[in-house]
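To start, the structure under review is shown below, and the notes come after it.
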Number of protein chains: 2
Amino acid sequence: MMSAAAHRRLAAESWESLLRAQVAVMRELHKEPIFKEVGSREYDVLFNLSRCPTGWLRLNELNDNVLLTQPSISRLVDRLEERGLVRRKTPDDDRRGVLIGLTEAGAALQKKVGRAHVQNIMHVMEEGLTDAEMQVLLELTGKLRATVAVRAATPTPSGK
Amino acid sequence: MMSAAAHRRLAAESWESLLRAQVAVMRELHKEPIFKEVGSREYDVLFNLSRCPTGWLRLNELNDNVLLTQPSISRLVDRLEERGLVRRKTPDDDRRGVLIGLTEAGAALQKKVGRAHVQNIMHVMEEGLTDAEMQVLLELTGKLRATVAVRAATPTPSGK
DNA sequence: CCAAGATATATGCGTTTGCATCTAATATAC
DNA sequence: GTATATTAGATGCAAACGCATATATCTTGG
């Protein structure tokens, strides 16, 4: 059993380590010349669209995965639309909403950037961690994300 | 032994999971009303300054930990300076550089925000992970960060 | 069925960010 | 020791961002 203070410290330190690792890797990945064509957030939107079964995502679904406010995503999508990389369409069942989907050009660009990017991710990750470690990291971050998602969805999941 | 394709996929997925977990937790933490007083990046600078032995950090050292460009940090520091939270001073040994340090008001604000923030971090983290899991996460992200730092510092550490 | 509230996205506007570039100071080459 | 290259920050300016709020649609209670 751990003291309350030690528990608190562990939580804070593990979060900070996660944050700094993300910053370090992100900065390294962002050096790729491929990101001159699309900003990393813009790529992230293209990526999310490429990885969804129907090919269409609601604006608010995009918003869950990208660390931007709703208005910023709306305008990011505007810019992608102007460049002919994505399209908007209104869903039949809820005409308040918008569905965003890749155009052919958008899908092609995503694939092109994605290939280079994945290659780079692999170099960075494999330099730091073994396959087994990556597997553990994947599980732990997945678990963390899942519980946070639940927390965010409910008013007061546990006490507070 | 893992196939090359599976290895690549594992690397990409573990990185993505890390990224999304960071986004999810960050968004949750950012809801705290305490961040009305200082933006989370501004707090991050105050935090980094509070956690360094000498009390002074170079601008480029801050830049290593915060995901902003050098000009942006320079201006972020401008704003903090105008608010009386940090001070600039020129180091004797290298008069190109700048040292940034907390003022008393800055240190006080950091402590105040920090307390609430750590409390919140603890709630979020402990809901998702056990102490043992946090420990593992801390180690893996630390290892990852360390190797990326080396990679960033050297021209071509391994092949590429 | 209608009014009141909630939800999904868009838009006005001031602030912050990044890119390119500038200045000042140090390190290197000759 | 002087010229050249390099490094550390600062600054002009256009693009991107967040906050507050507007608009349109859906949902709910009566």
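We name chains A, B, ... by the order of the sequence lines, and we start the count at 1 in each one.
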(request) Could you tell me the separation between the CG atom of Leu76(A) and the CG atom of Leu62(A), rounded to the nearest 0.5 Å? (result)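 Separation between the atoms: 9.0 Å.
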Using a 3.5 Å cut-off and no angle test, enumerate the donor-acceptor pairs between side-chain atoms of residues 63-75 of chain A and protein atoms at least two apart in sequence or in another chain.
from, atom 1, to, atom 2, distance (Å)
Asn65(A), ND2, Asn48(A), OD1, 2.9
Thr69(A), OG1, Ser72(A), OG, 3.1

(message) I'd like to know whether Arg83(A) forms a side chain to side chain contact (heavy atoms under 4.5 Å, CB included) with Val38(A), so could you lay out the CA-CA distance, the side-chain angles of the two residues, the decisive distance to 0.1 Å, and finally the verdict.
(response) CA-CA 11 Å; Arg83(A) 290 173 60 182; Val38(A) 274; 3.9 Å; yes
(request) Output the residues of residues 35-62 of chain A in contact with DNA chain D, where contact means a heavy atom of the residue under 4.0 Å from an atom of the strand; sort by number or write none. (result) Arg41(A)
(request) Strictly below 4.0 Å, heavy-atom distances to any atom of DNA chain D: list the hits from residues 65-84 of chain A, or just say none. (result) Leu68(A), Thr69(A), Pro71(A), Ser72(A), Arg75(A), Arg79(A)
(message) Among Thr103(A), Val86(A), Ile100(A), exactly one meets side chain to side chain contact (heavy atoms under 4.5 Å, CB included) together with Glu81(A). Which residue is that?
(response) Val86(A)
(request) Following the transitive rule for hydrophobic clusters with a side-chain heavy-atom cut-off under 4.5 Å over Ile, Leu, Val, Met, Phe, Trp and Tyr, establish whether Leu59(B) and Leu99(B) coincide in one cluster. (result) no
(request) Establish whether Leu18(B) and Val118(A) are linked, either directly or via other cluster members, by ILVMFWY side-chain heavy-atom contacts under 4.5 Å. (result)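 As far as the 4.5 Å side-chain criterion goes, Val118(A) and Leu18(B) are not connected within one cluster.
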Student check: side-chain heavy atoms of [X] and [Y] closer than 4.5 Å:
X: Glu127(A); Y: Val150(B); answer: no
X: Arg115(B); Y: Lys111(B); answer: yes
X: Glu133(A); Y: Glu139(B); answer: no

(message) The criterion is ring pair (Phe, Tyr, Trp, His ring centres under 6.0 Å); which residues satisfy it with His30(B), sequence neighbours excluded?
(response)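 Phe35(B).
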(request) Give the first and the last nucleotide of DNA chain D, reading 5' to 3', that has any atom under 4.0 Å from a heavy atom of chain A. (result)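 Range of nucleotides within reach of chain A: dA16(D) to dC26(D).
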(message) Does Leu85(B) form a side chain to side chain contact (heavy atoms under 4.5 Å, CB included) with Val45(B)? I'd like the steps, not just the answer.
(response) CA-CA 10 Å; Leu85(B) 300 173; Val45(B) 167; over 6 Å; no
(request) Select from Arg96(B) and Val98(A) the residue whose nearest nucleotide in DNA chain C is closer to the 5' end of that strand. (result) Val98(A)
(request) For DNA chain C, note the earliest and the latest nucleotide, 5' to 3', having some atom under 4.0 Å of a heavy atom belonging to chain A. (result)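 Contacts span dT7(C) to dC13(C), reading 5' to 3'.
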(message) Ignoring hydrogens, what is the shortest heavy-atom contact between Ile121(B) and Ala11(A)? Give both atom names and the distance.
(response)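 Nearest pair, atom of Ile121(B) first, then Ala11(A): CG2-O, 3.7 Å.
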